[in-house]
Amino acid sequence: MARLARFWHGPRARALLCAALAAGLPLGIWLDGAQLRHVALTALALGCALLWRVRRRQARDGQGGKPLASARSRELQARLDSAIVNGEFCFHYQGKFDTAQLRLVGLEALLRWDHPHHGLIYPNAFIGLAEQTDAIVALGNWGIDAACRQLAQWRAAGLPLAPVAVNVSARQLCQPHLPDFVLRCLQQHAIPPGLLELEVTESCCIDDMAQATQVLCRLRALGLAISLDDYGTGHSGLSHVRMLPIHTIKIDRSFIRDVGGGSAGSDTVIVASTIALARGLGLQVLAEGVENGEQLAQLRRLGCPQVQGFYLHRPAPAADVAALLAAGAPAGLVRHGVDAQ
C-alpha cells in the first residue's frame, strides 16, 4: 500500500492522469479524488484500446504510414485468389496429446502455401495479406472443407480418427452463413461434427462481437468444439472467455518457453492461474509450444491436461500423419524419453 501511495503522489501518476483526462475531456466528466483517478484510468484504457483498433484498421487498409509492401508481398497478394482455385494450399498436421498418458486427442491443421516458384510458404507471410481482402474468407472456407475431406480420406484408409482443429478468421465469424457452410461440408464428407474443431485467435479484432457470438453458438449447437487460440497474447482474452461459447483455452507458447525445472517464475504463475481459470469455468485447457521434457514435466505438475509442441510431434503432411493416427501416441524415442521423466 505504501508503494501504491508513493506512486499516486509521483510524476508518473500525474502524467498518467493528464493523459487519461485528455482522452476523457470530450465526455465532459469532472470529478475529484479517488473517483477522478478511477475515471481517468478507465478513459486511458479505453483510449489505448481505441488507438490499437484504429492503428490495426489503418494497417489493414494500407493507411498506416508504413513503407509500401515488398515486391514479393504484392506478388503473393495478387496470386492469392488463383492459388486457392488452383489447389496450391495444403495442411500440415500437428498432434495434440493427453498430458498424463500421451494419448493422441486431436490434430491441428496448420496452413501452408505450396507455391510453384517459392516453395513452401508459412502463414506469417500471407495471412496478413489475405486479411486485407475477401481472400481470407475464401481461404478459411477452403480450410474447413479440406479438413473434412482429409478426415474422410483417413477413414477410407481404415485409420482411427481424431478431431481436427482449423483456424477461422474474425471476418469469417462475422459471416452469418458460416454455420450453414460448415454443415454442408460435414454432410458432403459424412463427418460427425465432433471431429471438427474451430480455433479463434485471441488477438483477432472482432468488429461485430454480437454476430460472432451468435455464429459460434450455432456452431456449438451443431456439435463442434470452439477453441480460443494463443491465449494471453491479445488485449481481450478474459472478455473472449466470458462472451464466446468456447470449449478449450490454448495457452500461448510464449508462456511455456520458460516453464520447466520446477521454477515458480511469472510464466509458471500465469500458466497455473490459467489452468485454474479453465477448470473453474468447466473448460478444457491445452499448452502450446512444448519443446522439451522439463516443460512437459512441469505442466504435468501444474495439472495441465493437454499439450502440443515439437517435443511430441512436429507438423507433417497428411500422408505422414497416418502412423500417428494408427499408433495413437508419439513415436519412438520421444515417448520413451517422456516416460522416463
Side-chain angles (χ1 to χ4, degrees), residues 56 59-62 64 66-96 106-154 163-175 178 181-182 185 188-189 191 196-205 227 229-230 233 250 252-253 288-289 308-310 313-322 324-325:
R56 180 181 176 88
R60 186 178 67 192
D61 295 340
K66 296 181 180 179
L68 293 176
S70 67
R72 176 170 172 173
S73 294
R74 292 195 298 272
E75 174 202 345
L76 293 179
Q77 188 170 39
R79 189 182 174 87
L80 273 169
D81 290 333
S82 61
I84 298 171
V85 174
N86 295 335
E88 295 177 11
F89 289 96
C90 63
F91 277 141
H92 283 193
Y93 298 86
Q94 185 175 35
K96 300 187 287 187
L107 298 164
E108 181 178 0
L110 301 167
L111 190 61
R112 305 288 187 259
W113 185 350
D114 191 5
H115 196 283
H117 305 301
H118 301 302
L120 205 63
I121 303 177
Y122 289 80
N124 59 341
F126 61 83
I127 288 296
L129 302 175
E131 286 177 339
Q132 297 175 18
T133 69
D134 288 338
I136 190 64
V137 176
L139 193 56
N141 290 344
W142 172 88
I144 292 169
D145 181 69
C148 293
R149 184 170 60 251
Q150 184 57 62
L151 281 164
Q153 291 173 0
W154 281 327
V164 173
V166 180
N167 285 273
V168 292
S169 68
R171 293 274 293 279
Q172 278 180 284
L173 294 180
C174 294
Q175 303 283 324
L178 178 62
F181 174 80
V182 170
C185 292
Q188 179 182 354
H189 300 287
I191 299 300
L196 184 64
E197 181 177 348
L198 300 182
E199 293 193 358
V200 181
T201 302
E202 186 220 318
S203 59
C204 73
C205 185
S227 296
D229 196 16
D230 299 337
T233 61
K250 298 184 71 176
D252 185 70
R253 65 184 63 248
E288 300 179 290
Q308 175 182 350
F310 286 177
H313 181 246
R314 289 181 174 273
D320 297 338
V321 176
L324 175 64
L325 289 171

Checklist outcome for this item: Separation between OH (Tyr122) and CG (Leu110), nearest 0.5 Å, reads 10.0 Å

Next on the checklist: Using a 3.5 Å distance criterion without hydrogens, assess whether the side chain of Arg171 forms a donor-acceptor pair with backbone atoms of Glu131.
Outcome noted: yes

Next on the checklist: Counting C-beta onward and ignoring hydrogens, is there a side-chain heavy-atom pair between Asn167 and Glu108 closer than 4.5 Å?
Outcome noted: yes

Checklist entry - His115 vs His118 aromatic rings, parallel, tilted or perpendicular, using cut-offs 30° and 60°? => result tilted

Checklist entry - If you look at every heavy atom in Leu129 and Ser73, which pair is closest and at what distance? => result CD1-O, 3.5 Å

Checklist entry - What closest approach, in Å, do Leu196 and Ala147 show between heavy atoms, and which atom pair accounts for it? => result CD1-CB, 4.2 Å

Item to check | Side-chain donor/acceptor of Ser227 to backbone N/O of Asp229, under 3.5 Å | outcome: no

Checklist outcome for this item: Rounded to the nearest 0.5 angstrom, the CG-CG distance for Leu178 and Leu173 is 7.0 Å

Item to check | Distance (rounded to the nearest 0.5 Å) between Leu120 CG and Trp113 CH2 | outcome: 12.0 Å

Checklist outcome for this item: When every non-hydrogen atom of Leu76 is compared with those of Ala125, the smallest separation belongs to CD1-O, 4.0 Å

Checklist entry - Does a side chain donor of either Asp320 or His92 reach within less than 3.5 Å of an acceptor in the other side chain? => result no

Checklist entry - Should the pair Trp142 and Phe89 be assigned to parallel (<30°), tilted (30 to 60°) or perpendicular (>60°) ring geometry? => result tilted

Checklist entry - Once you round to the nearest 0.5 Å, how far does OH of Tyr93 lie from CG of Leu325? => result 10.0 Å

Checklist entry - Is there a donor-acceptor pair closer than 3.5 Å between any side-chain N or O of Gln172 and the backbone N or O of Ser169? => result yes

